Amino acid sequence: MIIFAVLLFLYELMWWKSIPAVNKNLRTNFGFLYGVKGKAAYLIFVAFLVIGLKSDVSVHFLRYLTGGCFLGTGVL
């Protein structure tokens with residue numbers, strides 16, 4: 001989950017402060033994030049990963065709340 005979060009953070013960071021080397025690598029390897037449908041599919045994918053975490057998570061409502069937020073953002 002940390003890797004997916006870092007990827008999303010770096011993508012969003014490029015809108016605030018563009019770093020040419022990072023921007024080029026993101027476009028080359030994760031170009032689907034730069035389109036509306038690709039980013040929506042990515043957010044929905046991450047939402048299902050969050051919701052599908054093991055049941056031994058100590059805070060169950062946080063898992064569903066976070067997954068629901070990702071899912072809602074991806075659908076919108």
Side-chain angles (χ1 to χ4, degrees):
M1 291 308 303
I2 292 173
I3 293 171
F4 290 117
V6 167
L7 177 62
L8 189 60
F9 174 76
L10 286 175
Y11 168 76
E12 294 294 336
L13 182 68
M14 291 301 103
W15 289 103
W16 292 93
K17 176 73 174 154
S18 183
I19 304 168
V22 175
N23 195 17
K24 182 181 179 210
N25 283 331
L26 278 177
R27 282 194 182 271
T28 301
N29 298 312
F30 304 104
F32 59 88
L33 285 174
Y34 288 87
V36 175
K37 291 180 183 178
K39 187 173 179 186
Y42 176 78
L43 289 173
I44 292 170
F45 172 73
V46 171
F48 283 120
L49 284 178
V50 170
I51 292 170
L53 286 174
K54 288 185 176 182
S55 297
D56 60 350
V57 177
S58 62
V59 186
H60 294 287
F61 78 92
L62 187 59
R63 177 179 67 175
Y64 291 114
L65 181 69
T66 305
C69 288
F70 272 114
L71 188 62
T73 304
V75 169
L76 290 177

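It should be emphasised that the depicted structure is a prediction, and the values quoted were computed from it without experimental measurement. Residue numbers count from 1 along this sequence.
Every side-chain contact (heavy atoms from CB on, under 4.5 Å) that Val6 has, sequence neighbours left out, goes to Ile2, Leu10. Applying the ring pair (Phe, Tyr, Trp, His ring centres under 6.0 Å) criterion to Phe4, with sequence neighbours excluded, gives Phe45.
Residue pairs meeting the salt bridge (charged side-chain N to carboxylate O under 4.0 Å, His left out) criterion with at least one partner in residues 11-38, sequence neighbours excluded, are Glu12-Lys39. Listed by first and then second residue, the ring pair (Phe, Tyr, Trp, His ring centres under 6.0 Å) pairs that reach into residues 16-35 are Tyr11-Tyr34, sequence neighbours excluded. Sorted by first and then second residue, the salt bridge (charged side-chain N to carboxylate O under 4.0 Å, His left out) pairs involving residues 65-76 (not counting sequence neighbours) form an empty list.
Residues Val46 and Val50 are in side-chain contact: their nearest non-hydrogen atoms beyond the backbone lie under 4.5 Å apart.
Looking at Asn29, its side chain does come within 3.5 Å of a backbone N or O of Asn25 through a donor-acceptor pair.
Residues Phe9 and Ile19 share a single hydrophobic cluster, defined by chaining ILVMFWY side chains whose heavy atoms lie under 4.5 Å apart. Hydrophobic clustering of Ile, Leu, Val, Met, Phe, Trp and Tyr side chains at less than 4.5 Å, counting indirect connections, keeps Leu62 apart from Phe48. Linking Ile, Leu, Val, Met, Phe, Trp and Tyr residues whenever their side-chain heavy atoms come within less than 4.5 Å places Leu26 and Leu13 in a single cluster. Under the 4.5 Å side-chain heavy-atom criterion for ILVMFWY residues, no single connected hydrophobic cluster contains both Leu8 and Val75. The same ILVMFWY cluster, assembled from side-chain heavy atoms under 4.5 Å apart, contains both Leu43 and Trp15.
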- Task: Apply side chain to side chain contact (heavy atoms under 4.5 Å, CB included) to the pair Leu33 and Leu7, showing each step before the final yes or no.
- Result: CA-CA 10 Å; Leu33 285 174; Leu7 177 62; 4.1 Å; yes
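The shortest heavy-atom contact between Pro20 and Ser18 is CD-O, 3.8 Å.
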What side-chain donor-acceptor pairs closer than 3.5 Å can you find for residues 67-74, not counting sequence neighbours?
residue, atom, partner, partner atom, Å
Thr73, OG1, Cys69, O, 2.8

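Leu49 CG to Met1 CE: the interatomic distance, rounded to the nearest 0.5 Å, is 5.5 Å.
Side-chain contacts under 4.5 Å among hydrophobic residues (ILVMFWY), followed directly or transitively, place Ile51 together with Tyr64.
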